[in-house]
Amino acid sequence: MTATIIDGKEFAARVRGQVGEHVTRLKSDHGITPGLAVVLVGEDPASQVYVRSKGKMTVEVGMKSVERRMDADTSEADLLAVIEELNNDPEIHGILCQLPLPDHLNEDLIINSISPAKDVDGFHISNVGLLGTGQKSMVPCTPLGCLMMLRDHHGSISGMDAVVIGRSNIVGKPMAQLLLNDSATVTIAHSRTKDLAEVVRRADIVVAAVGRPEMVPGDWIKEGATVIDVGINRLDAPEKGLKEDGTVKTKLVGDVHFESCAARAGAITPVPGGVGPMTIACLLANTVTACCRANGLAEPEGLTA
């Protein structure tokens, strides 16, 4: 069997197109422009790249983009004051604080200082609780993107057997809850799961979010299963030669061994180009959803859980 490739890059472009259409309607029909604020503390290079990308795509879909950059030694009090200012700004509908934060800052405290209604990352304890009890919430972007791709591929996942490998608060746990809410039968597996290979082999849907490069081999995958690979890992690739500085070039791989899993799966997401592009697309979708809720307007169809 040769798996269908679920093209996250193409799907994310479609989602951004839908977001752009909703933004245009909000502007023309209601005079409202959704606003997204990103707070970046410190000089982490990867975080700076992510923030630039988020800002660029926010503007491309017609939304207001605000960036608040703060020094790495910013005090907790100063950061909380900035977040409170954004909480009280009626033109800002979504707020995220780029993680990781410098070590001297309490991430839980900072995340939970964001207004739950503006928490477009879906990390606030109130949104975690709402999602866990099946109520309307802001949903973490990466699991939401995975759910969108699964719905698009299968139509309905009701009654399907799903295994989520990984139990993080950011992906694993909310992913399992979203699958449950769509009436799948869900197992959360992790490093201490007994007979992990056998647990995975029974799954119609496998979501790998464990953070270990190519951990899942093809012989763990049931014939025809759908594999969603959330992992983004960098490995040395000596076959690609050396960089100008003499170090070995690297390659990105997921948490599943792509070639062997694709030989058995019915559908699979690649790395790169699978789940990754959906994360920012869903951040934009969440901002539009938050804007609609704040103004008592109907939520955009197809862009929420």
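In this text the structure is predicted, and so the values were computed from the model without any measurement.
Side-chain contact between K54 and L283 is present, with heavy atoms from C-beta onward closer than 4.5 Å. Looking at L26 and C291, their side chains come closer than 4.5 Å, going by heavy atoms from C-beta outward. Taking the side chain as every heavy atom from C-beta outward, V275 and C146 approach each other to under 4.5 Å. With contacts defined as side-chain heavy-atom distances shorter than 4.5 Å, the pair L80/I110 qualifies. Considering only heavy atoms from C-beta on, T187 stays 4.5 Å or farther from V164 through its side chain. Looking only at side-chain heavy atoms (C-beta outward), I5 and I268 come within less than 4.5 Å of each other. Between T226 and H154, the closest side-chain pair of non-hydrogen atoms falls below 4.5 Å. L284 places a side-chain heavy atom less than 4.5 Å from the side chain of M57.
Looking at T289 and N286, their side chains never bring a donor and an acceptor atom within 3.5 Å of each other.
The shortest heavy-atom contact between G35 and T287 is O-CG2, 3.7 Å. A267 approaches H153 most closely through the heavy-atom pair CB-NE2, 3.4 Å. Closest of all the heavy-atom pairs between D255 and D229 is N-OD1, 2.8 Å.
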Side-chain donor-acceptor pairs under 3.5 Å in residues 171-181, sequence neighbours left out?
unit_1	atom_1	unit_2	atom_2	d
K173	NZ	N169	OD1	3.2
Q177	NE2	N181	OD1	3.1
N181	ND2	Q177	O	3.4

Review item, side-chain donor-acceptor pairs of residues 121-137, under 3.5 Å, at least two apart:
unit_1	atom_1	unit_2	atom_2	d
H124	ND1	S126	N	2.9
H124	ND1	S126	OG	3.4
H124	NE2	N112	O	3.1
N127	OD1	M138	N	3.2
N127	ND2	P116	O	3.0
N127	ND2	D119	OD2	2.8
T133	OG1	G129	O	2.9
T133	OG1	L130	O	3.2
T133	OG1	Q135	NE2	2.9
K136	NZ	E299	OE2	3.2

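Looking only at distances, no side-chain donor or acceptor of N295 sits under 3.5 Å from a matching main-chain atom of L297. Under a 3.5 Å cut-off, the side chain of N106 and the backbone N or O of D108 do form a donor-acceptor pair. Remark: the backbone N or O of I221 is paired with a side-chain donor or acceptor of R264 at under 3.5 angstrom. At least one donor-acceptor pair closer than 3.5 Å links the side chain of K27 to the backbone N or O of G62. Of the possible polar contacts, one joining the S260 side chain to the G218 backbone as a donor-acceptor pair under 3.5 Å is found. Of the possible polar contacts, none joining the D182 side chain to the A184 backbone as a donor-acceptor pair under 3.5 Å is found.
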>> For a side-chain contact (heavy atoms from CB on, under 4.5 Å) check, start with the C-alpha distance between T185 and M160, then their side-chain angles and the critical distance, and finish with the verdict.
In response: CA-CA 6 Å; T185 300; M160 298 182 74; over 6 Å; no
>> Using salt bridge (charged side-chain N to carboxylate O under 4.0 Å, His left out), reason through E91 and K64 one step at a time and then give a plain yes or no.
In response: CA-CA 8 Å; E91 294 187 357; K64 177 180 178 178; 2.7 Å; yes
> Step by step, would you call T142 with T279 a side chain to side chain donor-acceptor pair (under 3.5 Å)?
Replying inline: CA-CA 5 Å; T142 299; T279 299; 2.9 Å; yes
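In the displayed structure, D195 atom CG is contacted under 6.0 Å by at most 12 heavy atoms of other residues, nucleotides or ligands. Within 6.0 Å of atom CZ in R25, more than 12 heavy atoms from other residues, nucleotides or ligands are found, so the atom counts as buried in its surroundings.
Under a 4.0 Å N-O distance rule, the pair E198/R202 does not qualify as a salt bridge. The existence of a salt bridge linking E239 and K251 is confirmed by a sub-4.0 Å separation between a basic side-chain nitrogen and an acidic carboxylate oxygen. Taking the charged nitrogens against the carboxylate oxygens, D152 and R14 do have a contact shorter than 4.0 Å, which makes a salt bridge.
Once rounded to the nearest 0.5 Å, the distance linking CD1 of I170 with CG of L99 reads 6.5 Å.
In this structure T58 satisfies the side chain to side chain donor-acceptor pair (under 3.5 Å) test with no other residue, sequence neighbours excluded.
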